[in-house]
Structure formats: C-alpha cells, structure tokens
Amino acid sequence: MTTPAGDFIRDLVRRDNERQTFGGRVQTRFPPEPNGYLHIGHAKAITVDFGIAEEFGGVCNLRLDDTNPDTEESEFVDSIVADIEWLGFRTPAVLHASDYFDQLYEWAEYLIGRGLAYVDDQDSETISAQRGGYGRPGVESPFRDRGAEENLDLFRRMRAGEFADGSRVLRARIDMQHDNMQLRDPIMYRIRRGHHFRTGDKWCIYPTYDWAHGQSDAIEGVTHSLCTLEFEGNRPLYDWYLGQLPLPGDRPRQTEFARLELTHTVTSKRRLAKLVADGTVDGWDDPRMPTLRGLRHRGYPAKAIRAFCTDVGTTRTNSRQSIEALESFVRRELNATAQRRMAVLHPVRLVVTNWPVDAVGDPVVEYFEIANNPENAEDGVRSVAFSGELFIEAEDFAADPPPKFFRLAPGREVRLRGAYYLTCTDFDTDADGNLVEVRATYDPETRGGQGPRKVKATLHWVSAAHAIDIEVALYDRLFSAAAPGERTGEALDDLNPNSREVLTGCKAEPALTDALAGEVVQFERLGYFARDSSSPRLFHRTVGLRDEWAAIQRRQG
RNA sequence: UGGGGUAUGGGGUAAUUGGCAGCCCGACGGAUUCUGGCUCCGUUAGUCUAGGUUCGAGUCCUAGUACCCCAGCCA
C-alpha cells in the first residue's frame, strides 16, 4: 500500500470542524458544465469532492453548471451521471444552476437597487478595450453611473426580450482600477437567445459563471466549494458577490487545488472533441481516449482510477502525473481480480510426436484443471483440453537461442503450463526460412506440470483442435508516441488512424469466453486484455505501456 | 507590463510547523516463482539561486530566478 499523498484540503476541513467554522457541517459539490464527457481530470475532482464529503459525513451533490445555453446538452448530463456512478460514487441529487435562475434574477435586481450593478449599452469589443490590461488602467463605462430606476427598467426590458443579443449586459459596479482584472466591473448577465436544454425559451438573459456559482453554492448549503487552481483569481469576486447578498445561511468558501494532468495525453475538451470530430478516434469511448468511458472501455477498473486519484491527493502545485503511475494502480487491481486464460498472438504449430492415439487412431484428448487466478483460490479452476497438436507463441521458440533466452529451443526442455514437460526435437521452416512447425516429445511422468527436473520456462499453449480464433487490436501508439518524461500534450496529435493495428489469426482456449463477463482477462504472460465492444472476438491490450515483449527484448539486449 | 500562485531525486509527493529529508512511480541489481507476471529484498538520486538569522533552516528573513493563472458577454 502506498502512503497517502499530502492532502491540504483534508487538513483544512478537519480544522474547520475543530473550530466549528460551519457548525461542523461539511457539504461539497461537483459542478461540471454539461458540454462534454468526463475525463480522467474530472475523476480527481470527483474523488476530492465526493471523497471529502464522505470522509466527514457530509453531502456532495452533482450540480450541472448550465448557464450557457449555446454549448450545453442533456445528452451530456446523462453521461456525466452514468460516469460518476461507474466510478463508484452516489449522487444524492442531480441539481442544476438553472434551478436558481429566478433567485439569481431577484438578487440581481437587489444589487441594482443598492447601486452595485448597472446596465451597460456598449458592445463586447468596447467593454473589453475599456477593461484595460495588466498594469494598464481601466476606463469607466459612460453608463456606469446611471440611476437605479433606469437600470432596473433596462434590466427588466433585457429580460423581457426587448433588446438584441449582445446589445446590453448587466455589470457589477466594483472597481475599474482593480489590480485583479476579474473585479473590473464583471459581467453578470448577457442577452442570448439560445435554446436552453432545461429552461427552454423562458429566458433570453443568462447569468455568467461568476454570478451563478457562489450563489448556487450558498443556496444549496455548500460549505466547501472546491475547485481547480485557475479559479483562484475568481475567488475575490466569489466572495464579493456573496458579501453583498442576503444569503439564507452560511457563506460557502472556495478553495482551489491543482488539476490532474497526465503525461502522453490531453484533457482539453476542445482537443478531445476534435479527435472525435475528425475521426482520429472512433468516439468518446474509444479506448485510446482519456475519457472515463474510454478508460472503462480500455479495461481500467474504476477502483484503480479511484485509488490513483486518492494517492495523488490535493496540492497547489501544477504537475503532470506519469501515465505509468496510473497504470501501476491498474495493474495492481487487475492482478488481483483478472481471470487468467491462455492465448497466443502469433501462433506456431507444435506437434507432440510421442502423443498417444486412441483405438480409432485419433489423438487422445486430456483435460487439465488450471487455476483461474493463482492469487485467488476463490476464482476456482477451469478444465483445459490438451492434445497432440498445440499452438504456442512464436516468440516462445528460438531456433538459435540468444543468451538468456530460457524458452523452447532444439534439445531444450520447458513446461507447458499445467500440462507436461516438453523437449523440442526439431522444427520446420518454409522456403523463406519462416518457422512453420515445431516438434517435441512430452514426458508422461510430468503430468500436471510437476516434474523431478527444474525447467527454466513455463509456456502457455492452446490445443489446436479446440482453439477459438480471436483478434487483438493494439492501441499502444497513443502512449508511446512521446518519449517518457517529455513534457508534452501533443501525443494525441501524433496519432493517426493507422496506429490501430489489428492482429488476426490469434488463438485462444475456448474458456476465454467464460471470462468475458469480467471484461478484462490476463492472457498468460501476454498481459491484460479487454474485450472490445464491437465484437466478442476482438480484444485490445489494456495496460498499454507495458508491452511485455518489448520488455523481454530489452532484457535480452 | 500589474496582480495572484507554485518551486523537495528522472516523475510525483511527505516532513510532528526550527530538530535524523520519508513514501509512491520509474530505472537498476538480487531472491522467490508452474506466467520473464505477481511478491519480497536492496541500490540509485533531492530541498530553485545568492546572502542572512540560529547550536541547528526544506521550514524564518532579504534579494533574485523559473514556471502556472488572470485583460470571454466561456466555465
């Protein structure tokens, strides 16, 4: 087990409880915008938001931040809920910022009445120019000082739909010279006639993120509003708005932590959407995508993702976690849970020349009981057919074995897993020198793989007469495109559709299909493979970084 | 350019708040093994820089440096 990473948020909440800051209450929320699918970065936020609530006996609600009708769709709401549940968290309620549009509107009028908000008739470019720049002063809008009655009248007419999109906005009246650009009279409402997926055409003015977020937290009774570092500059505004309003309860407090980034992939919604749109990947759930659906499809257990996020913890340092670290959690989990089956990716025929035949002259078929998972006896055993013609992995045989090659070679004895010891006698190649058949003799005294002699290797095998055909897709390019440690988010750009290599002619034991319920199986010695949803016969490598054969090559070299 | 943040081995992350720099990932070496897997043991290597305070500094002070965020009617 790993040492839990530092978690300043946990410490913060604990201190709050000791001091009764919120009366000992803890409530968080996970507030995604429903404009895309959740990815690995969200998994960390979810783990933090739900995890903190769970740990302190509080509540965490899912709240869809749906204040922008142009980009949001209900399709995404459904996927977000499903993905959170897949990760293993329960959402007591699915809330929406749009539930609070009426209250938000009322509070806007309240601010206008107190001279703290005004309607600005200028267009977007003008307002932007007047905001000034870093170290440059802002310019006050000519409409900044109009009276409350006029503001109220204009604002109501904005809501009534009297003005064109973009022609007017409601702004908070704060300070056009503030060092923090967020406080230079930020926009509260904009006119936008897009159709909202929940409120339909009821509204033509929509609150901005800043005007909606803190108030939504307050309405829901959130105590700890946890978000990522880039909202740090928004916190003074968050506090300013809440400070002006007659809130129903305690003021929530925003705390920021670093977002999760991974090497060799990107988590920008824009760029992920581009990959889907231009056909580089087959969709949001393509196993090469860092979306939760993609990872699930790839065979990453939710438990492993959660453990990884917990281990990463919360800090305020921007960093990029290595994909290897994530996958070490995936391997740890899979090693404990995945069913083991034998399969060969590059089959080569192996004939046992001294294998007996029955009365009719057919080769005898013998059955061996082999553990489904040697680490977990509860997973039981399965019966595997063995006969005189087998398939073994081509790489498990060497006509001229290099140093440190311990597997099959002429004159050498190895164990067939769970079956017999076997000694290679000779082999055949075709005209081009390609291996076509290996011949060997077995030792009947080593039944079940038990023998008096030590052998250096144990091979996996498949009975030729019983084998089923499978296909295996290799998606490794996604993660191997960039060199380890290279600080890049460009890996996906290097990927093209051709990087998906499908190996056909692979063979597996028939019991492979029994293991499909578990989604991920370990092909003995070949690593972890997940079933592809497109076909029960198509598998892809789950833990992509660990190309076992490459590792073997390295050890040999 | 103004403001706000962050700096600890190759990648991450701790250090009882001034007291032996620990852990995870990786790499390397070894042991074990009916998966060249798993497991176990070991090795490697670090406090951004320069000063200062102190018996003692990752921690405090001063001055630098690097990186991240902010000038959407996105969130």
Side-chain angles (χ1 to χ4, degrees), chain A residues 1-7 31-33 35 65-68 70-72 120 123-124 127-138 165-171 178-184 186-192 205-206 208-210 212-213 227-236 256 258 263 269 311-313 315-329 331-332 335-336 340 342 370-371 374-375 404-407 415-419 421 448-451 455-460 484-485 487 522-528 546 548-549 551-552 555-556:
Chain A
M1 209 58 269
T2 61
T3 306
D7 208 316
E33 183 184 14
N35 69 345
D65 222 336
D66 55 349
T67 57
N68 184 353
D70 293 350
T71 56
E72 298 151 4
D120 195 330
D123 62 24
S124 168
I127 290 174
S128 175
Q130 287 174 349
R131 187 133 35 216
Y134 305 141
R136 298 266 74 208
D165 283 12
S167 62
R168 282 182 167 82
V169 288
L170 184 72
R171 301 176 73 180
H178 203 105
D179 280 335
N180 182 348
M181 305 297 288
Q182 314 266 11
L183 279 298
R184 317 253 264 223
I187 311 294
M188 294 165 60
Y189 275 97
R190 63 289 207 192
I191 304 172
R192 193 165 288 193
I205 58 171
Y206 288 91
T208 55
Y209 164 84
D210 287 299
H213 204 90
C227 63
T228 45
L229 239 30
E230 66 267 28
F231 292 101
E232 204 168 12
N234 299 57
R235 177 159 28 108
E256 312 85 18
T263 57
K269 268 182 200 164
D311 186 72
V312 164
T315 68
R316 290 176 63 81
T317 312
N318 285 309
S319 62
R320 195 175 279 257
Q321 301 288 331
S322 67
I323 187 75
E324 287 86 351
L326 204 209
E327 296 212 324
S328 83
F329 281 88
R331 264 183 269 122
R332 193 176 309 178
N335 187 53
R340 312 296 148 92
M342 292 193 285
I370 298 182
E375 319 246 326
K404 294 199 174 175
F405 182 92
F406 303 130
R407 286 161 282 159
R415 170 167 41 228
L416 293 180
R417 184 166 172 79
Y421 280 18
Q450 317 267 10
V455 286
K456 286 197 139 178
T458 299
L459 269 47
H460 53 178
R487 211 180 141 79
Q522 188 192 65
F523 294 177
E524 298 280 7
R525 290 201 34 235
L526 291 177
Y528 299 101
R546 284 280 153 183
E548 181 162 343
W549 296 115
I552 292 168
R555 286 193 193 96
Q556 290 173 352

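The structure presented is a predicted model; accordingly, all values stated were derived computationally and were not measured. All chains are named by letter (A, B, ...) in the order of the sequence lines, taking the proteins before the strands, and each is independently numbered beginning at 1.
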- Task: Based on the glycosidic angle (syn within 90° of 0, else anti), state the conformation of B:rG29.
- Result: anti
- Between B:rG9 and B:rA45, how far is it from one C1' atom to the other, in whole Å? 4 Å
- Task: Would you give a per-nucleotide map of nucleotides 69-75 of chain B, 5' to 3', where B means the base has a protein non-hydrogen atom under 4.0 Å away, S means only the sugar-phosphate does, and - means neither?
- Result: SBBSBSB
- Task: Compare all side-chain heavy atoms of A:Arg417 with those of A:Arg525 and state whether any distance is below 4.5 angstrom.
- Result: no
- Expressed in angstrom and rounded to an integer, what is the separation of A:Asn335 atom CG from B:rC40 atom P? 11 Å
- To the nearest 0.5 Å, what is the distance between CG (A:Leu170) and CE (A:Met188)? 4.5 Å
- Query: Does A:Ser319 make a side-chain N or O approach to OP1 or OP2 of B:rU13 shorter than 4.0 Å?
  - Reply: yes
- Task: State which residues pass salt bridge (Lys or Arg N to Asp or Glu O under 4.0 Å) with A:Asp123; sequence neighbours excluded, sorted by chain then number.
- Result: none
- Task: Using the P atoms only, state how far B:rU13 lies from B:rA71, rounded to an integer number of Å.
- Result: 26 Å
- Query: Do you know which two heavy atoms are closest between A:Met181 and A:Gly132, and how far apart they sit?
  - Reply: CE-O, 3.7 Å
- Task: Counting Watson-Crick and G-U wobble pairs whose two distances are both under 3.5 Å, find the runs of 3 or more in a row that involve RNA chain B.
- Result: B:2-7 with B:65-70, B:10-13 with B:22-25, B:27-31 with B:39-43, B:48-52 with B:60-64
- Task: For B:rU59 versus B:rU1, give the span between their P atoms, rounded off to a whole number of Å.
- Result: 28 Å
- Should A:Arg332 be listed as having a side-chain N or O under 4.0 Å from OP1 or OP2 of B:rC25? yes
- Task: Round to the nearest Å and state the distance from A:Phe406 atom CZ to B:rU33 atom P.
- Result: 15 Å
- Message: Could you check B:rU17 for me: syn (within 90° of 0) or anti?
- Response: syn
- Take atom CZ of A:Arg184 and atom P of B:rG2, then tell me their distance rounded to the nearest Å. 13 Å
- Pick the C1' atom in B:rG58 and in B:rA75, then give their distance to the nearest Å. 37 Å
- Task: Kindly indicate whether the side chain of A:Arg136 and the base of B:rG2 share any N or O donor-acceptor pair separated by less than 3.5 Å?
- Result: no
- Task: Answer yes or no: is there a side-chain heavy-atom contact under 4.5 Å between A:Asn335 and A:Glu375?
- Result: yes
- Item | Atom pair distance, as rounded to whole Å: NE2 in A:His460 and C1' in B:rG36 | 11 Å
- Message: With a cut-off of less than 4.0 Å, is there a side-chain N or O of A:Arg331 near OP1 or OP2 of B:rU39?
- Response: no
- Message: If you compare all heavy atoms of A:Thr317 against all heavy atoms of A:Ala258, which two are closest, and at what distance to 0.1 Å?
- Response: O-CB, 3.2 Å
- Between A:Phe406 and A:Ala457, what is the shortest heavy-atom contact and its length? O-CB, 3.3 Å
- Task: Under 4.0 Å between any heavy atoms, over every strand shown, what does A:Phe523 touch: base, sugar-phosphate, or nothing? Just pick one.
- Result: nothing
- Query: Mind checking the P distance from B:rC40 to B:rC23? Whole angstroms is fine.
  - Reply: 14 Å
- Message: To check you understand the geometry: which heavy-atom pair defines the closest contact between A:Asn68 and A:Glu33, and what is its length?
- Response: CB-OE2, 4.0 Å
- Specify the separation, in whole Å, of atom CZ of A:Phe329 and atom P of B:rU13. 14 Å
- Which residue lies more 5' along RNA chain B, comparing A:Leu416 with A:Gly135 via nearest heavy atoms: A:Gly135
- Against the side chain of A:Lys404, the closest entry in B:rC25, B:rG36, B:rU13 is B:rG36
- Is A:Gln450 touching bases, backbone alone, or none of the nucleic acid, heavy atoms closer than 4.0 Å? base
- Closest listed nucleotide, where the reference is the side chain of A:Thr317 and the choices are B:rU13, B:rG12, B:rG36: B:rU13
- Quick one: are A:Leu526 and A:His460 in side-chain contact, heavy atoms under 4.5 Å? yes
- For A:Asp311 and B:rA14, what is the distance between atoms CG and C1' respectively, to the nearest whole Å? 12 Å
- Given the C1' atoms of B:rG12 and B:rU47, what is the spacing between them in whole Å? 15 Å
- Message: Could you tell me how far B:rG26 sits from B:rU43 if I compare only their C1' atoms? Round to whole Å.
- Response: 14 Å
- Is the base of B:rG37 touched by the side chain of A:Glu375 through a donor-acceptor pair closer than 3.5 angstrom? yes
- Task: For A:Arg417, report the nucleic acid contact type (base, sugar-phosphate, nothing); a contact means any heavy atom under 4.0 Å.
- Result: base
- Pick the P atom in B:rG29 and in B:rG37, then give their distance to the nearest Å. 13 Å
- Query: Hey, are the side chains of A:Pro236 and A:Asn180 touching, using non-hydrogen atoms and a 4.5 Å cut-off?
  - Reply: yes
- Nearest heavy-atom pair of A:Thr67 and A:Thr208: which atoms, and what distance? OG1-C, 4.5 Å
- Item | Whole angstrom value for the distance that separates C1' of B:rC23 from CD of A:Gln321 | 14 Å
- Note on the structure: Of all heavy-atom pairs linking A:Arg192 and A:Tyr206, the shortest is O-CE1, 3.2 Å
